[in-house]
Asks: 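One structure coming up, written as structure tokens, with questions to follow.
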Amino acid sequence: MDRKQVVLDMDPGIDDALAMVVALNRFTVIGVSTVAGNAPVEQTFQNAHRILQFTRHSTIPVVAGADRPLFYPLLTAEDIHGFSGMGAYTWDVPDVPHSGELAWNWMARRLTTSSVRCHLVATGPLTNIAMLLWAHPESHEHIGSISCMGGALPGSKMDKAFEFNVYVDPHAADVVFRYGPNVRLIGINVAHRALMPVSQLDRFKQFGRVGQMLFDLLQFYAVHARGEGGDPQAMPLDDALVVAATEAPELFQWEEMPLTVVREGPLRGTVVLAPYAAEREPVQVATSVDAPQFFEWLWASLTE
Ligand code: RIB
Ligand code: CA
């Protein structure tokens with residue numbers, strides 16, 4: 001089967017780093033755009049660059065995008081990912097300057113000049129994707145699908161009503177759910193059904209120098225993110241499931257539903273069924289994942 005042509009929009013972030021490595025093995029990645037989220041956009045930009053250099057994909061362009069959400073001040077997640085966004089890991093890759101072109105303008109240029117439709121894989125706050133859809137309506141017909149990690153499925157039994165990516169920028173998430181073509185959503189409620197036991201971390205070492213790098217990164221994450229999914233002996237891989245949803249949607253059960261987001265007040269970031277369904281394309285929402293199959297897919301992704 002031909003490899004999908006993909007743009008990765010990420011906020012690396014340790015689980016984003018794993019998702020990026022898996023995506024590089026599974027797709028033809030034509031570019032990586034970065035957004036402020038787990039860390040400020042300068043950090044997420046340099047981290048994306050470092051990961052591409054380390055994995056010997058230095059010809060793939062990296063572009064920086066939004067340095068804050070559409071309306072709210074930026075919230076970051078250094079408690080989980082460290083101040084650099086990459087835990088305690090140190091890279092021997094020097095920082096690089098930005099090209100100066102904003103991510104959504106770069107995406108629009110690449111999408112509209114591509115001979116095939118591109119799939120967007122978004123694993124951070126959706127600010128860049130919202131800006132693309134808002135500022136470049138001509139790009140919509142060139143988008144094959146938008147797979148994103150965010151929110152908690154309406155009605156799911158979650159210990160909290162919101163998830164980081166959608167909480168940070170609920171307005172952007174609402175734009176994507178409203179205007180995005182072929183949107184697939186992996187909510188945190190489904191991501192937390194495929195938790196990785198911390199005891200399995202050693203297995204990453206079987207995959208050479210890249211596996212060792214992932215092991216080193218995930219060690220920090222195992223300490224700071226363990227228990228996030230309700231099991232103190234396991235950690236969520238969140239963003240890797242978005243890559244799986246794009247490449248192997250059969251690993252999931254899906255339901256179509258029109259979605260909107262609570263943007264203000266104490267329930268900010270809660271994903272709910274859109275009251276005016278007629279005005280919204282339904283979003284493909286993952287309702288469950290075959291966790292053993294997902295992990296088989298994940299390890300196979302690292303082997304390639
Ligand atoms: O809530 C989990 C999401 O927020 C993941 O994408 C993680 O990287 C953070 O961005
Ligand atoms: Ca992320």
Side-chain angles (χ1 to χ4, degrees), residues 7-23 32-41 43-48 51 62 64-69 72 74-87 89 103 120-130 146-153 156 158-170 172-173 176 184-196 214 217-218 220-222 224-230 234-246 261 268-271 286 289:
V7 169
L8 303 177
D9 185 73
M10 301 187 140
D11 64 332
I14 294 173
D15 62 320
D16 300 75
L18 171 58
M20 188 186 293
V21 168
V22 169
V32 180
S33 50
T34 67
V35 66
N38 285 322
V41 69
Q43 284 294 0
T44 61
F45 171 78
Q46 297 299 344
N47 291 337
I51 297 163
V62 195
D67 62 0
R68 78 201 69 168
Y72 287 122
L74 176 60
L75 289 175
T76 52
E78 53 273 356
D79 55 328
I80 303 277
H81 299 271
F83 286 101
S84 71
M86 293 276 105
Y89 194 83
L120 308 184
V121 174
T123 64
L126 291 167
T127 321
N128 290 344
I129 308 295
I146 303 173
S147 299
C148 31
M149 146 38 58
L153 177 74
S156 63
M158 281 296 295
D159 56 350
K160 55 187 177 185
F162 55 79
E163 170 280 326
F164 178 81
N165 287 336
V166 173
Y167 183 78
V168 165
D169 199 340
V176 174
R184 275 195 207 92
L185 179 67
I186 299 291
I188 199 83
N189 53 300
V190 170
H192 285 181
R193 295 214 198 127
L195 299 172
M196 169 171 278
L214 291 171
L217 279 175
L218 287 162
F220 181 97
Y221 188 69
H224 296 263
R226 75 190 306 167
E228 271 293 297
M235 59 187 172
L237 297 186
D238 293 341
D239 293 340
L241 281 97
V242 185
V243 180
T246 309
V261 185
R268 163 185 163 181
T270 307
V271 174
V289 59

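Since this is a predicted model, take the numbers as computed values, not measurements. Start at 1 and go down the list; that is how both ligands and their atoms are numbered.
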Asks: Under 4.0 Å from a heavy atom of Thr123: give me the atoms of ligand 1 that qualify, with their elements.
Replies: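 Near Thr123, the atoms of ligand 1 are 6 (O), 10 (O).
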Asks: Between Asn128 (side chain) and Ala103 (backbone), is there a donor-acceptor pair under 3.5 Å?
Replies: no
Asks: Would you say Thr123 reaches the Ca ion (ligand 2) with an N/O/S atom under 3.0 Å?
Replies: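 It does: Thr123 brings an N, O or S atom closer than 3.0 Å to the Ca ion (ligand 2).
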Asks: Give the atom name of whichever N/O/S atom in Asp11 sits closest to the Ca ion (ligand 2).
Replies: OD1
Asks: Quick one: look up the protein heavy atom nearest atom 8 (O) of ligand 1 and list residue, atom name and how far away it is.
Replies: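 The protein heavy atom lying closest is Asp15 OD1, 2.6 Å.
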Asks: Enumerate the atoms of ligand 1 whose separation from the nearest heavy atom of Asp16 is less than 4.0 angstrom.
Replies: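 Under 4.0 Å from Asp16, ligand 1 has these atoms: 8 (O).
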Asks: Show me which atoms of ligand 1 lie under 4.0 Å from any heavy atom of Phe164.
Replies: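 Numbered from 1, ligand 1 contributes 1 (O), 4 (O), 9 (C), 10 (O).
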Asks: For the residue pair Asp238 and Ile188, establish whether any side-chain heavy-atom pair is separated by less than 4.5 Å.
Replies: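 Contact flag for Asp238/Ile188 side chains = yes.
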Asks: Would Met20 and Val32 satisfy side-chain contact (heavy atoms from CB on, under 4.5 Å), going step by step from the backbone distance to the final call?
Replies: CA-CA 9 Å; Met20 188 186 293; Val32 180; 3.9 Å; yes
Asks: Do you know which two heavy atoms are closest between Gly37 and Leu74, and how far apart they sit?
Replies: N-CD1, 4.1 Å
Asks: When you check the side-chain N and O atoms of Ser33 and Asp9, is any donor under 3.5 Å from an acceptor?
Replies: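 The answer is yes; a qualifying pair exists.
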Asks: I'd like to check which ligand 1 atoms, numbered from 1 as shown, lie under 4.0 Å from a non-hydrogen atom of Asp11.
Replies: 10 (O)
Asks: Asp238 heavy atoms, cut-off 4.0 Å: which ligand 1 atoms fall inside?
Replies: 2 (C)
Asks: Suppose we only count N/O/S atoms under 3.0 Å; would Asp239 qualify as near the Ca ion (ligand 2)?
Replies: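 Checking the Ca ion (ligand 2) against Asp239, an N, O or S atom does fall under 3.0 Å.
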Asks: Could you tell me, atom by atom, which parts of ligand 1 come under 4.0 Å of a heavy atom of Glu163?
Replies: 1 (O), 2 (C), 3 (C), 4 (O)
Asks: Surrounding CZ of Arg226 (heavy atoms of other residues, nucleotides or ligands, distance under 6.0 Å), is the total greater than 12?
Replies: yes
Asks: Could you tell me, atom by atom, which parts of ligand 1 come under 4.0 Å of a heavy atom of Asn165?
Replies: 3 (C), 4 (O), 5 (C), 6 (O), 9 (C), 10 (O)
Asks: At less than 4.0 angstrom from any non-hydrogen atom of Asn38, what atoms of ligand 1 do you find?
Replies: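 Atoms satisfying the 4.0 Å criterion: 7 (C), 8 (O), 9 (C), 10 (O).
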Asks: Name the closest protein heavy atom to atom 6 (O) of ligand 1, giving the residue it belongs to and the distance to 0.1 Å.
Replies: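 Result: Asp239 OD1, 2.5 Å.
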Asks: Under the side chain to side chain donor-acceptor pair (under 3.5 Å) test against Asn38, which residue among Thr123, Thr76, Asp16 passes?
Replies: Asp16
Asks: Should Val271 and Leu153 count as side-chain neighbours, where that means a heavy-atom distance under 4.5 Å?
Replies: no
Asks: Measure Ile14 to ligand 1 on non-hydrogen atoms and call it side chain, backbone, both or neither using the 4.0 Å cut-off.
Replies: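 Answer for Ile14: neither.
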Asks: Is Val168 close to Tyr72 at the side-chain level, that is, under 4.5 Å between some pair of heavy atoms?
Replies: no
